[in-house]
Amino acid sequence: MTTLAGSSSGAQAPTTTDSAGSTGSTANAGWLARYTEAVMNTFGTPSRVLVRGQGAQVWDADGKEYTDLLAGIAVNCLGHAHPAIVEAVTDQLGTLGHVSNFFTTPAQVRLAEELIALAFPGRNAGGSRVFLANSGTEANEAAFKIARRHGGGSRPRVLALQDAFHGRTMGALALTHKAAYREPFEPLPGGVEFIPAGDVDALRSALGPDVAALIVEPIQGEAGVRELPAGYLEAARELTEAVGALLIIDEVQSGMGRSGAWMAHHLLAPGVVPDVVTLAKGLGGGIPIGAVVATGEAAAALGPGQHGTTFGGNPVACAAALAVIDTIRGQDLLARVERLGSAWAQELAAVDGVDQVRGRGLLIGVGLAEGLPPAGEIAAALAERGFIVNAPRPDTIRLAPPFILSDDDARAFTTALSEALSRALSEEVSS
Ligand SMILES: *Cc1c(COP(=O)(O)O)cnc(C)c1O
């Protein structure tokens, strides 16, 4: 019964009869039964097994096609199997795939130069430096270490925002607000305090000469795509500077063009220059890479031997990131993200059952009206209709599609959402 789109050989699992109770009748079910027996249960059971992607489309193991409006959670910014990334990775891997950090490579140096220019445009780049890592949590881990060094012994406190998400390793987890993520792993690195997001008075009273840093997401993605209110980043810059604390901006989800600008804080607060910017997700277009871009004193806070990584700065990952940057620039994708994002947001806001549309560019939170089922159920219904989205909160559907998404695909989703919500509304009424 399965017709596999494309030709990923070996993609279909044989129907399983070996794991207890499971005689999966489809390839998806077969792989999922095996998954639960082999992979740690940190994510729950995945909803589907994906075997192929092309552009904004992906296919599951049963051959069903989806439009991917989540893109690996803001990762596959150029979509799937983009030729520029495939070619860059293939060439680099065929030339020099990995070296230790006793050496550098042209790809690493070029990427560091590019990231300084993108994060701190128009500034004399002389005082800025990059540390390359492999993920968002590692980028924030390094930023945390920069904050500790900046403090020396005299600044033990670090401020983070309520509802913040900064990652899952111990340091980044200490900066992450959700108790359910943090508490099972205490004791975590100390000194972190959470203040209400967007509240300048709370920030002012929390800051003092014993604060090493404030870390913020300009748009809180995991909190349901909620951007900091106008003026907050400007105030945060002024107030942190006044007490000598660093301003760290976590652009892991919102950066690298997703907002319609290279960095979301460039849009939200032009003129604000943070001390540290962290990047990952879209940076490699699907190849794992993270980066810390720091300027001024923060750029020199970590000295030889104080931080490191085996894979960080790997030339293949750097080549992928360079291809992403080149393609965004060469195809004017920032303008595309801005145009499609704002037009789409308006259409989505007009859908019956949508309460509010938040975000910038192609990082969109669709807030559902009261009386609808949880957003997770709506997301599941949308998957049945062939659209991949997710629900970061029970009242919010998140869209973070590839920048190359077509107008037609966006429009088709608006129609599908409208149908799914009107069906849900009518079922709520009749039940
Ligand atoms: C996803 C995310 C992280 C963590 O990145 P990983 O690559 O999953 O470790 C950190 N900060 C923000 C804002 C994120 O969205």
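First listed ligand is number 1; within each ligand, the first listed atom is number 1.
- Near Gly136, the atoms of ligand 1 lying under 4.0 angstrom from a non-hydrogen atom of the residue are 4 (C), 5 (O), 6 (P), 7 (O), 9 (O).
- Arg398 and Asn390 are linked by a side-chain donor-acceptor pair at a separation below 3.5 angstrom, with hydrogens and angles left out of the test.
- Heavy atoms of Thr137 found under 4.0 angstrom from ligand 1 belong to the backbone as well as the side chain.
- Ionic pairing of Glu251 and Arg258 is not present here: no N-O contact between side-chain nitrogen and carboxylate oxygen is shorter than 4.0 angstrom.
- Contacts with ligand 1 closer than 4.0 Å are made by no heavy atom of Glu138, backbone or side chain.
- For atom 11 (N) of ligand 1, the closest non-hydrogen atom of the protein is Asp250 OD2, 2.8 Å.
- No hydrogens or angles considered: a donor-acceptor pair under 3.5 Å links the side chains of Arg358 and Thr396.
- For atom 8 (O) of ligand 1, no protein heavy-atom neighbour is found at a distance under 4.0 Å.
- For the 3.5 Å distance criterion, the side chains of Thr240 and Arg237 qualify, holding a donor opposite an acceptor.
- Remark: side-chain polar atoms of Thr309 are not paired, donor with acceptor, to backbone N or O of Ala133 under 3.5 angstrom.
- Between Lys281 and ligand 1, at least one pair of N/O atoms sits closer than 3.5 Å.
- Only the backbone of His166 comes within 4.0 Å of ligand 1, judged by heavy-atom distances.
- Proximity of a side-chain donor or acceptor of Glu377 to a complementary backbone N or O of Pro374 within less than 3.5 Å is not detected.
- Of the N and O atoms on the side chains of Glu138 and Ser135, at least one donor lies less than 3.5 Å from an acceptor on the other residue.
- Residue-level proximity to ligand 1 for Asn140 is carried by the side chain, the only part with a heavy atom below 4.0 angstrom.
- Atoms of ligand 1 lying under 4.0 Å from any heavy atom of Glu217, numbered from 1 in the order shown and given with element: 13 (C).
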